[in-house]
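Letters A, B, ... are given to chains in the order of the sequence lines, protein chains preceding strands, and every chain is numbered from 1.
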Amino acid sequence: METVVRGLALVLPGLEVERVEGVAPVEVIGKRVLAVRRYGKFIVVDFTEGMLFVHLGMTGQLMLSGEEGKFTRGRVVLDRGVLRYDDIRKFGKMFWGTEYPERGPDPLEVSGPEFVARVQRRRTRIKALLLDQSFLRGMGNIYTDEVLFRAGIHPMAVGAEMSRERLLALHGAMQALLLEAIEAGGSSISDYVNARGEKGSFQEQHRVYAKKGQACVRCGEVLERILVVQRGTTFCPKCQEL
DNA sequence: ATCGGTACCTGCACGC
DNA sequence: TGCGTGCAGGTACCGA
């Protein structure tokens, strides 16, 4: 989402909405874009009064250029350019609002001590916690699996039982991972593209996500796949012991 | 508070 | 080639 936002922020500010089509909310008509920001996994387009929230779900794409397709679900036509919304599975959403949805702190902004304190208050498994948007806004399945591998933590480990040191290491690994992923333009598995329709390359640096059966890059052990809160989870049983 | 199950929707990879 | 199954960057809601 961060990489989509960065692309949109280069182009949209100052433009005025002329009309909308499809799922785009009518409230934006006639309003001028002030800024484009990210709020967790939401893309937030700031207008003179109120905000357009866009959540891409699993397969959503928000683009400034490129061809219309079978899965184009909506458009925001501006005085200079068109913002097009495509979504194969229709899990994404666009809506107008004046208040932010209730969410936890941003993983890139939360401090180490605050992160530790929040985790230690909870009895649930660390993977479920990282995925919970009311706990942290922004971590998804890819980066959760990747960061737990980097920090050497089992996805079923209970947060409240982990030491301050391990949690601080997890916090540091999480911020480093996200910054590297943003630097690489994000992870494109099948559908993800930025605002210009370009794929990211961080998938080339994934170490465990969707790599069940492959050898662990650190120890050579065969990577395992389990289900945690109904999400496919891949980890190294040797480097990430319970 | 937390969890499993289900639902939403479409495409794709895989086995037979 | 075709069919059935399971899986997918997410989230909401249900009942236990």
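Side-chain atoms of A/Thr59 and A/Asp87 form a donor-acceptor pair, as typed in the model, at a separation below 3.5 Å.
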Which letter, B, S or -, goes with each nucleotide of nucleotides 6-13 of chain B from 5' to 3', with contact meaning a protein heavy atom under 4.0 Å?
B-BBBS--

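With A/Phe135 as the aromatic partner, A/Arg118 meets the cation-pi criteria of under 6.0 angstrom to the ring centre and within 45 degrees of the ring axis. Within the cation-pi definition used here (under 6.0 Å to the ring centroid, within 45° of the axis), A/Arg218 qualifies as a partner of A/Phe149.
A/Phe47 places a side-chain heavy atom less than 4.5 Å from the side chain of A/Val33.
Within 4.0 Å (heavy atoms only), A/Asp191 reaches at least one base atom of the nucleic acid. Using a 4.0 Å heavy-atom cutoff across all strands shown, A/Lys93 reaches no nucleic acid atom at all. Within 4.0 Å (heavy atoms only), A/Arg121 reaches no atom of the nucleic acid at all. Here A/Ser187 lies in heavy-atom contact (under 4.0 Å) with a base. Using a 4.0 Å heavy-atom cutoff across all strands shown, A/Thr59 reaches no nucleic acid atom at all.
A salt bridge links A/Arg6 with A/Glu2: the closest approach of a Lys/Arg side-chain nitrogen to an acidic carboxylate oxygen falls below 4.0 angstrom. In this structure, A/Lys70 does not pair ionically with A/Asp86, as no charged nitrogen and carboxylate oxygen lie closer than 4.0 Å. Ion pairing between a basic and an acidic side chain is recognised when a charged N comes within 4.0 Å of a carboxylate O; A/Glu161 and A/Arg123 show such pairing. Salt bridge A/Arg89/A/Asp191: absent, no basic N to carboxylate O contact under 4.0 Å. Using a 4.0 Å cut-off between charged nitrogen and carboxylate oxygen, A/Asp132 and A/Arg122 count as a salt-bridge pair.
With C1' as the reference atom, C/dG6 and B/dT6 are 16 Å apart, rounded to whole Å. For the P atom pair drawn from B/dC8 and C/dC3, the interatomic distance equals 24 Å after rounding to whole Å.
With hydrogens and angles ignored, the 3.5 Å screen pairs a side-chain donor or acceptor of A/Gln203 with a backbone N or O of A/Ser188. A donor-acceptor distance shorter than 3.5 angstrom exists from the side chain of A/Gln133 to the backbone of A/Met139, with no hydrogens or angles considered.
Base orientation of C/dG9: syn, the glycosidic angle falling within 90° of 0.
Less than 4.0 Å separates DNA chain B from at least one heavy atom of each of the following residues of residues 125-149 of chain A: A/Arg125.
Of all nucleotides in DNA chain C, those with any atom nearer than 4.0 Å to a heavy atom of chain A start and finish, going 5' to 3', at C/dC7 to C/dA12.
For the ring pair (Phe, Tyr, Trp, His ring centres under 6.0 Å) condition, no pair includes a residue of residues 172-197 of chain A, sequence neighbours left out. Judged as a ring pair (Phe, Tyr, Trp, His ring centres under 6.0 Å), not a single pair has a partner in residues 6-32 of chain A (not counting sequence neighbours).
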For DNA chain C, just give me the dot-bracket, please: Watson-Crick or G-U, both distances below 3.5 Å, ( ) intra-strand, [ ] crossing earlier pairs, | paired with another strand, . unpaired.
.|||||||.|||||||

